[in-house]
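Structure first, commentary second.
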Amino acid sequence: MIKENLREVRANIERALLNRAPNIPQADVKLVAVTKNHPVEIMQQAIDLGVTDIGENRIQEALDKFSTLERNVVKHLIGHLQTNKVKPTVKNFDLIHSVDSQRLALALDRAAGSVNKIQDILIQVNAAREETKSGVDPDELDQLLETVDQCGNLKLRGLMMIAPNFDDVEQCRPLFNQMYKTFKRQRELRPTIEILSMGMTHDYKIAIEEGANMIRVGTAIFGQRDYRWEEK
Ligand SMILES: *Cc1c(COP(=O)(O)O)cnc(C)c1O
């Protein structure tokens, strides 16, 4: 099941790349397989099927699974992060997608410094300015970028966004397109920027067409999340 789903997602990635506008250079798309609410065995199975990157959204759930994981994998934190959890986060995650405030950036910088790590991060942008969503307001992005520039223990690798859950998925397209333009502009200013993380199960094809080079896909690979992880 996972095997067939992965094959289909990978085929869709290739097809979406072919549909890209000519002004967006072709590039590989990194697939982050989102295993939140699925047990560690599923994570292991995905890795055995060639998945190189795993996404989790809750620190405690992720650490619980990582502690018994018998495989090497690149670990992505894709969910909202609270400043009181920065220490275990920098110790355990390779890329943090959800940096969205100066306070969090500074706390991560300190935590990374305390364990002698240069932490790779993405800045999450609330592209649709949704009240209930995490992410920095697009108008405050420059200010946050300037703060991160000053953080010697953080390496800014790119930008991340979550599109609203529109009934008509085509409504995501202009937001993705706008985000790609922001990404392109910032990449010219800051050479460490290379990742644009956008696209989930319902909208990843459109995100790739509009320039995403990293997608975060759960349901299309692992099915509905009915498993409930319980804090022990
Ligand atoms: C859960 C989650 C995903 C994956 O969502 P699916 O719709 O299952 O593909 C991607 N990104 C973030 C930030 C998530 O929390």
Side-chain angles (χ1 to χ4, degrees), residues 1-2 4-13 16 29-40 42-43 45-47 49 51-65 73-82 85 89 92-101 104 120-130 132-136 157-172 175-176 179 183 195-229:
M1 181 68 170
I2 295 178
E4 286 72 34
N5 291 346
L6 265 173
R7 192 184 301 141
E8 193 181 325
V9 169
R10 286 180 177 134
N12 286 335
I13 292 172
V29 171
K30 178 65 78 181
L31 171 64
V32 177
V34 177
T35 48
K36 66 186 184 196
N37 288 108
H38 291 289
V40 66
I42 295 287
M43 203 186 259
Q45 213 176 317
I47 297 166
L49 291 165
V51 163
T52 57
D53 291 67
I54 284 288
E56 285 282 332
N57 73 332
R58 289 167 65 205
I59 308 297
Q60 201 48 54
E61 174 184 346
L63 298 191
D64 189 61
K65 291 189 234 174
V73 72
V74 181
K75 302 178 177 96
H76 298 250
L77 180 71
I78 60 172
H80 181 68
L81 175 58
Q82 287 167 328
K85 302 239 175 83
T89 303
N92 289 283
F93 285 91
D94 299 296
L95 181 63
I96 301 168
H97 289 230
S98 48
V99 177
D100 64 354
S101 72
L104 178 58
D120 283 354
I121 64 158
L122 305 180
I123 289 181
Q124 181 178 349
V125 182
N126 186 358
R129 295 187 166 87
E130 291 175 279
T132 54
K133 289 276 175 69
S134 313
V136 65
R157 300 287 308 282
L159 303 175
M160 180 271 221
M161 72 164 271
I162 302 174
N165 212 339
F166 294 121
D167 287 336
D168 175 12
V169 70
E170 274 295 325
Q171 284 186 270
C172 297
L175 287 170
F176 288 144
M179 196 71 223
F183 165 72
I195 296 170
L196 180 55
S197 167
M198 57 184 194
M200 308 167 42
T201 289
H202 73 291
D203 57 17
Y204 72 92
K205 295 171 211 159
I206 294 175
I208 293 169
E209 287 172 8
E210 296 302 326
N213 59 20
M214 182 175 277
I215 58 173
R216 312 172 307 267
V217 179
T219 310
I221 301 171
F222 304 110
Q224 295 295 327
R225 287 180 281 270
D226 44 21
Y227 167 90
R228 283 270 141 226
W229 181 86

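Just so you know, these numbers come straight off a predicted model, no measurement behind them. Counting starts at 1 for both ligands and their atoms, in listed order.
- Looking only at distances, no side-chain donor or acceptor of T201 sits under 3.5 Å from a matching main-chain atom of V217.
- Contacts between K36 and ligand 1, counted as non-hydrogen atom pairs separated by less than 4.0 Å, involve the side chain only.
- Considering both main-chain and side-chain atoms, G218 comes within under 3.5 Å of ligand 1 through a nitrogen or oxygen pair.
- Considering only non-hydrogen protein atoms, atom 6 (P) of ligand 1 sits nearest to T201 OG1, 3.4 Å.
- Taking the charged nitrogens against the carboxylate oxygens, K75 and D94 have no contact shorter than 4.0 Å, which rules out a salt bridge.
- By the 4.0 Å heavy-atom criterion, R225 is counted among the residues contacting ligand 1.
- What sits closest to atom 11 (N) of ligand 1 on the protein, heavy atoms only, is R216 NE, 2.9 Å.
- The protein atom (non-hydrogen) at minimum distance from atom 8 (O) of ligand 1 is T219 OG1, 2.6 Å.
- Atom 3 (C) of ligand 1 has its closest protein heavy atom at M200 CE, 3.6 Å.
- Taking a cutoff of 4.0 Å between a charged side-chain nitrogen and a carboxylate oxygen, E56 and K65 qualify as a salt bridge.
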* List the steps and the verdict of side chain to side chain donor-acceptor pair (under 3.5 Å) for S98 and H80. => CA-CA 6 Å; S98 48; H80 181 68; over 6 Å; no

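- Taking the side chain as every heavy atom from C-beta outward, I2 and I221 approach each other to under 4.5 Å.
- Regarding atom 12 (C) of ligand 1, its nearest protein heavy-atom neighbour is I78 CD1, 3.5 Å.
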